[in-house]
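Handing you a structure now.
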Amino acid sequence: MQQHPLVAILTRIGTFVLVMIALSIMIFVLARIVPGDPARMALGPSATSDQVQAVRLQMGLDQPLVVQYLDYAGKALRGDLGMSLVSQRPVITDLAQTVPATLELVFVSVVFMFVVAVPLGVVMAHYRDRTIDHVGRLLSLTGVIIPSFLFAITLQLVAARFMSGWPIIGRLDHDISWGGGPTGLLLLDGLLAGRLDVTLNALQHLILPAFALSMAGIGQITRITRSAMIENQRKDHVLTLKSFGVPERVIIFKYLLKLSSIAPLTIMGLEFASLIGNAFVIEMVFAWGGFASYGLTSILQKDLNAVTAVVLVAGLFFIIANLIVDILITVIDPRLRRKEAR
C-alpha cells in the first residue's frame with residue numbers, strides 16, 4: 001500500500017515540530033546553567049550589586065527554570081525573542097539585519113555545490129579510473145580536508161594580487177548608494193528595485209566567500225555522486241537498457257542521474273545547516289557581518305536571549321532544509337512512500 005504524499009509530508013512536519021520543541025528546551029536550559037552571570041556580563045564589572053539584581057529581576061532570572069521557559073516560549077510564539085543584553089535592541093531586530101546576509105551567502109554556496117559537484121561526479125563516474133577521474137578525486141579530497149578559512153584567505157590574496165579591483169570584503173562597494181530592500185537579500189532586492197548595478201555588485205562580492213564556503217561541500221557531494229552513479233550502473237534495469245542499445249547519454253541523464261540524486265540531495269540538506277554554522281569564519285575573513293558572526297559574538301558575551309534565538313533560528317533552518325529534501329526525495333523515489341505505509 002502506497003502512502004499519500006500529503007500524509008508523508010504532514011508526518012514529517014509533525015516530527016520536525018517536536019524536534020523544534022525539544023531543541024528550544026535544550027538550548028534554553030543550557031544557556032542558563034552555563035557558568036557566568038548574564039546580568040553581570042551585560043552591565044560590566046563596575047556595576048553595583050543592586051544594579052545587577054535589578055537586571056536579573058527584569059530578565060526573570062529569579063523565577064524557577066520551568067516558569068522562565070514557559071514565559072520565553074509564549075513570547076517567542078508571538079515573535080518576541082527578548083532584548084539583547086549587548087546591543088540593547090530587540091533580538092528580532094538584530095536577526096532581521098543579520099540573517100539575510102548569511103542566507104544569501106549560504107544559498108549561493110549551495111548553488112555552487114550543486115552546479116559544480118553533481119556534473120563533476122557524473123563525469124568522474126563515466127570516466128572511472130581514467131585521468132579525469134583521478135584528478136577529480138584529488139580535487140574533491142582537497143576540498144574536504146582543507147579548512148574553509150584557508151580557502152578564503154587564499155582567494156583573497158589571489159584576488160588582491162591578480163584581479164585588480166575585485167572586491168574582497170563587505171557585501172557592496174561603498175560608493176554605491178543603497179537604502180536597503182524588503183528582504184535584505186541584495187541580489188533579490190536589487191532586481192525588485194530595478195537596480196541592476198546593486199545586483200551585479202552584490203554578486204561580485206558573493207563569489208569569493210561563497211566559493212570558499214562551498215568547497216568542503218563540493219568535495220563531499222562530488223565523491224558521493226560518483227559513488228552513487230557507479231553503484232547504480234550495476235543495477236539490472238540499467239544493464240538491460242544498455243543491452244537494448246539505449247544511448248549512453250539517455251541512460252545517464254534520464255535514469256541514472258535521477259536514481260543517483262537521492263544521496264547527494266540528502267547530504268545537501270545537511271550541508272545547508274552546516275554552512276550556516278561554519279559561515280562565521282568566512283564572514284570574519286570577508287567582513288560580511290551576517291548571522292553566523294552575530295551568533296559567535298553572542299556566545300562569547302553570554303547574551304542569553306541572543307544565543308537562544310540564534311540556536312533556534314539555526315535549528316529552524318536545518319529542519320526546513322531537511323523537510324524540503326525529504327519531500328524532494330519522496331517525490332523522486334515513490335518506493336519510500338511504500339516503505340512508510342507498511
Side-chain angles (χ1 to χ4, degrees), residues 8-36 38 41 59-61 63-87 90-103 105-107 109-110 213 217 265-281 283 290-330 340:
I9 293 171
L10 291 176
T11 301
R12 284 173 169 79
I13 292 176
T15 302
F16 289 141
V17 169
L18 294 177
V19 171
M20 198 66 190
I21 293 173
L23 176 64
S24 68
I25 295 174
M26 182 179 68
I27 187 57
F28 187 87
V29 173
L30 288 176
R32 277 153 179 78
I33 65 175
V34 170
M41 296 183 71
M59 296 175 61
L61 296 177
Q63 300 292 326
L65 199 58
V66 175
V67 176
Q68 292 183 46
Y69 173 76
L70 293 176
D71 180 63
Y72 180 85
K75 291 180 179 178
L77 290 174
R78 298 192 299 270
D80 181 7
L81 298 176
M83 295 289 294
S84 169
L85 300 177
V86 177
S87 67
V91 173
I92 194 70
T93 301
D94 290 340
L95 293 179
Q97 294 181 355
T98 57
V99 167
T102 298
L103 275 184
L105 176 61
V106 169
F107 281 142
S109 299
V110 171
L213 185 60
L265 274 176
T266 304
I267 297 301
M268 202 168 291
L270 298 174
E271 282 291 332
F272 181 87
S274 67
L275 289 178
I276 293 177
N278 295 332
F280 74 91
V281 175
E283 290 184 3
F291 169 75
S293 54
Y294 172 75
L296 179 62
T297 303
S298 302
I299 292 172
L300 293 177
Q301 297 177 333
K302 204 174 187 300
D303 190 345
L304 279 187
N305 291 331
V307 169
T308 306
V310 164
V311 175
L312 288 178
V313 171
L316 182 61
F317 288 147
F318 180 85
I319 288 173
I320 292 175
N322 280 272
L323 177 61
I324 293 173
V325 169
D326 280 350
I327 293 172
L328 289 175
I329 291 176
T330 303
E340 292 175 353

When rounded to the nearest 0.5 angstrom, what is the spacing between OG in S109 and CG in L213?
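CG of L213 is found 4.0 Å from OG of S109.
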
Short side-chain to backbone donor-acceptor contact, T308 and N305, under 3.5 Å
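Not confirmed, T308 side chain does not pair with N305 backbone.
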
Counting only N and O atoms by type, is there a donor-acceptor contact under 3.5 Å from the side chain of T102 to the main-chain atoms of F291?
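Yes; judged by distance alone, with no hydrogens or angles, the pair exists.
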
Close side-chain approach of L312 and M20, heavy atoms under 4.5 Å
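They are in contact (side-chain heavy atoms under 4.5 Å apart), so the answer is yes.
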
I need the minimum non-hydrogen distance between A306 and S298, along with the two atoms involved.
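Shortest heavy-atom separation between A306 and S298 comes out as CB-OG, 3.4 Å.
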
Find out whether M83 and V91 are in side-chain contact, i.e. whether some heavy atom of one side chain is under 4.5 Å from a heavy atom of the other.
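The answer is no; the side chains never approach within 4.5 Å.
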
Note, D80 side chain near I92 side chain (heavy atom, < 4.5 Å)
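Sidechains of I92 and D80: no contact.
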
Nearest 0.5 Å please: distance from the CD atom of E283 over to the OG1 atom of T98.
8.5 Å

Check G290 against S293 and note the closest heavy-atom contact, atom names and distance.
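Minimum heavy-atom separation between G290 and S293: O-OG, 3.0 Å.
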
I need the Y294 OH to I299 CD1 distance, nearest 0.5 Å.
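Here the rounded value is 11.0 Å.
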
Distance-only check: which donor-acceptor pairs under 3.5 Å involve side-chain atoms of residues 66-76, not counting sequence neighbours?
from: Q68; atom 1: OE1; to: R32; atom 2: NE; distance (Å): 3.1
from: Q68; atom 1: NE2; to: Q63; atom 2: O; distance (Å): 2.7
from: Y69; atom 1: OH; to: S24; atom 2: OG; distance (Å): 2.7

CG of L23 to CD1 of I319: how many Å apart, nearest 0.5 Å?
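Nearest 0.5 Å value for the CG-CD1 distance: 6.5 Å.
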
Decide yes or no for F317 and V99: does some side-chain heavy atom of the first lie under 4.5 Å from some side-chain heavy atom of the second?
yes

Results of side chain to side chain contact (heavy atoms under 4.5 Å, CB included) for F107 - residues two or more places apart only:
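By the side chain to side chain contact (heavy atoms under 4.5 Å, CB included) rule, F107 matches L103, F272.
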
